[in-house]
Amino acid sequence: MGRGVLSFPLTSFHDDGSLDPDGFRAHVAAQIATAPGALFPACGTGEFFSLDEDEYRQTVTIAVEEAAGRLPVVAGVGYGWAQAARFARIAEQAGADALLVLPHYLVAAPQDGLVAQLEQIAARTRLPLIAYQRGQVAFSAASLRHIVRIPNVIGLKDGHSDLDRLQRLTLAAPEDFLFFNGAATAEIQARAYATVGVPAYSSAVHAFAPEIANAFFAALHDGDGTDGRDGGGRRGDEGDKTVQRLLRDFYVPFVELRDRVPGYAVSLVKAAARLRGRPVGPVRAPLTEPSPADLADLATLLTTGLDLVGAAL
């Protein structure tokens, strides 16, 4: 999963808000065709929080069918451990390869409670688990030493961007434990994460512009020699220039647009996918659609980003 951008596909809905299985299948197939490192259906970008159990089953099943064993399928699970265990059973029956444990619902908890949450879920599924620390979930190095001893916990996705804490976590983990950059618009901080041994990242941009996401990933790793744990090596000059250009002219403006309205981290991604003719449909409440002015800015920015990598809208 560290050898390519990680795809977090959007969940397709009809205009009336109902699930669009055919649209989702087409979207997933298009994502797989761009050779991501793994497929993560029904996670944050896929609006897991809005899916009922039957919709979740359909979504994960379609992802598994389209992947056909060519790449790992990691399904999202969440809420409390009891609900997460129910979704885990569905994902297991659907043929998922692993699970991403999204932050639990609402309440803050002490470190031993965060560890116990993972233990409860792990005890109820045979699938490997990747913990996701974001929001109210943030593991200490001491907690990670407990987590890595849970037999089927294989990795950690980080959304806090606290590199001091993250470095302590990577040093506390065994060499085969997986780490992922899960920051919002992860490319912005991809170089910084790589310096602490976390080169793999999820890309929301990949959901609507895999040409941009893959060009950035290739440029980022151009001649760097990084093995994924020591953060060493140097990028080639051309790769570095490409990274700088994409960050300056596309990614930073995209983040500035994303930050205008809460929820745009998903709403803008879906809107951009629709601009490219992808059958993803609208977002579900409580998310809202971008304003006409923001959509116009998004269209201009999308054209700019695609031009930078030699692609067309």
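Just so it is clear, the model here is predicted, and its values are computed rather than measured. Heavy-atom basis, side chains included; hydrogens, waters and symmetry copies ignored.
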Study note, to complete from the structure: Which of Asp162, Thr195, Val196 passes side chain to side chain contact (heavy atoms under 4.5 Å, CB included) with Gln167? It is Val196
Practice item. To the nearest 0.5 angstrom, please state how far the CG atom of Asn181 sits from the NZ atom of Lys157. Key: 8.5 Å
**Study point:** Centroid separation Phe254 to Phe208 less than 6.0 Å
**Key:** yes
Point to revise | Atom CZ of Arg168 with >12 non-hydrogen neighbours under 6.0 angstrom | key: no
**Study point:** Residue pair Leu156 / Phe177: nearest heavy atoms and the distance that separates them
**Key:** N-CE2, 3.8 Å
Check your understanding: Is the shortest side-chain N to carboxylate O distance from Arg260 to Asp297 below 4.0 Å?
Key -> yes
Review point. How about Tyr105 and Tyr79: are their ring centres within less than 6.0 Å of each other?
Key: no
Review point. Given the side-chain rings of Tyr193 and Phe180, with only the six-membered ring counted for Trp, is the space between their centroids under 6.0 Å?
Key: no
Review point. Would Arg191 and Asp240 pass as an ion pair if we require N to O under 4.0 Å?
Key: yes
Check your understanding: In Å and rounded to the nearest 0.5 Å, what is the CG to OG1 distance from Leu19 to Thr59?
Key -> 5.0 Å
Review point. Going from NE2 on His146 to OG on Ser140, what distance comes out if it is rounded to the nearest 0.5 angstrom?
Key: 8.0 Å
Check your understanding: Any side-chain heavy atom of Leu118 sitting closer than 4.5 Å to one from Phe139?
Key -> yes
Review point. Which value, rounded to the nearest 0.5 Å, describes the distance between Ile154 atom CD1 and Leu129 atom CG?
Key: 8.0 Å
Practice item. Step by step, work out the side chain to side chain donor-acceptor pair (under 3.5 Å) result for Thr61 and Gln58. Key: CA-CA 5 Å; Thr61 298; Gln58 292 183 66; over 6 Å; no
Study note, to complete from the structure: So CG of Asp249 and CG of Leu301: to nearest 0.5 Å the spacing works out to 9.5 Å
Practice item. State, without any angle test, whether Glu92 and Thr125 hold a side-chain donor-acceptor pair at a distance under 3.5 Å. Key: yes
Check your understanding: Below 4.0 angstrom, N of the basic side chain to O of the carboxylate: do Asp237 and Lys241 qualify?
Key -> no
Check your understanding: Do you see a donor-acceptor pair shorter than 3.5 Å between the side chains of His206 and Gln31?
Key -> yes
Review point. Got a salt bridge between Arg124 and Glu119, using NZ or NE/NH1/NH2 to carboxylate O under 4.0 Å?
Key: no
Review point. Any salt bridge between Arg276 and Glu211, counting N to O under 4.0 Å?
Key: yes
Review point. Does the ring center of Tyr251 lie less than 6.0 Å from the ring center of Phe216?
Key: yes
Check your understanding: Can you tell me if Arg258 and Thr185 form a side-chain donor-acceptor pair at under 3.5 Å?
Key -> yes
Exercise for review: Kindly indicate whether the side chain of Glu66, heavy atoms from C-beta on, has any atom under 4.5 Å from the side chain of Arg25.
Suggested key: yes
Check your understanding: Could you state the interatomic distance from CG (Leu114) to CD1 (Ile147), rounded to the nearest 0.5 Å?
Key -> 7.5 Å
Check your understanding: Which side-chain hydrogen bond (donor to acceptor under 3.5 Å, both in side chains) pairs, counting each pair once, include a residue from residues 303-313, with sequence neighbours left out?
Key -> none
Practice item. Return yes if a side-chain donor-acceptor contact under 3.5 Å exists between Asp294 and Tyr264, otherwise no. Key: yes
Review point. Counting N and O atoms only, with roles assigned by atom type, does the side chain of His104 sit under 3.5 Å from a partner on the main chain of Val107, one being a donor and the other an acceptor?
Key: yes
Review point. Around atom CG of Asp15, are there more than 12 heavy atoms of other residues, nucleotides or ligands at under 6.0 Å?
Key: no
Practice item. Might you point out which heavy atoms bring Ala84 and Ile121 nearest each other, and give the distance in Å? Key: CB-CD1, 3.7 Å
Exercise for review: I would like to know whether Ile188 and Leu247 meet side chain to side chain contact (heavy atoms under 4.5 Å, CB included); could you show each step before the answer?
Suggested key: CA-CA 7 Å; Ile188 291 288; Leu247 286 173; 4.1 Å; yes
Check your understanding: So, does Arg284 use its side chain to make a donor-acceptor pair with the main chain of Gly17 at under 3.5 Å?
Key -> yes
Check your understanding: Side-chain donor-acceptor pair under 3.5 Å between Glu289 and Ser267, yes or no?
Key -> no
Review point. Do Val266 and Val269 come close enough that some side-chain heavy atom pair is under 4.5 Å?
Key: no
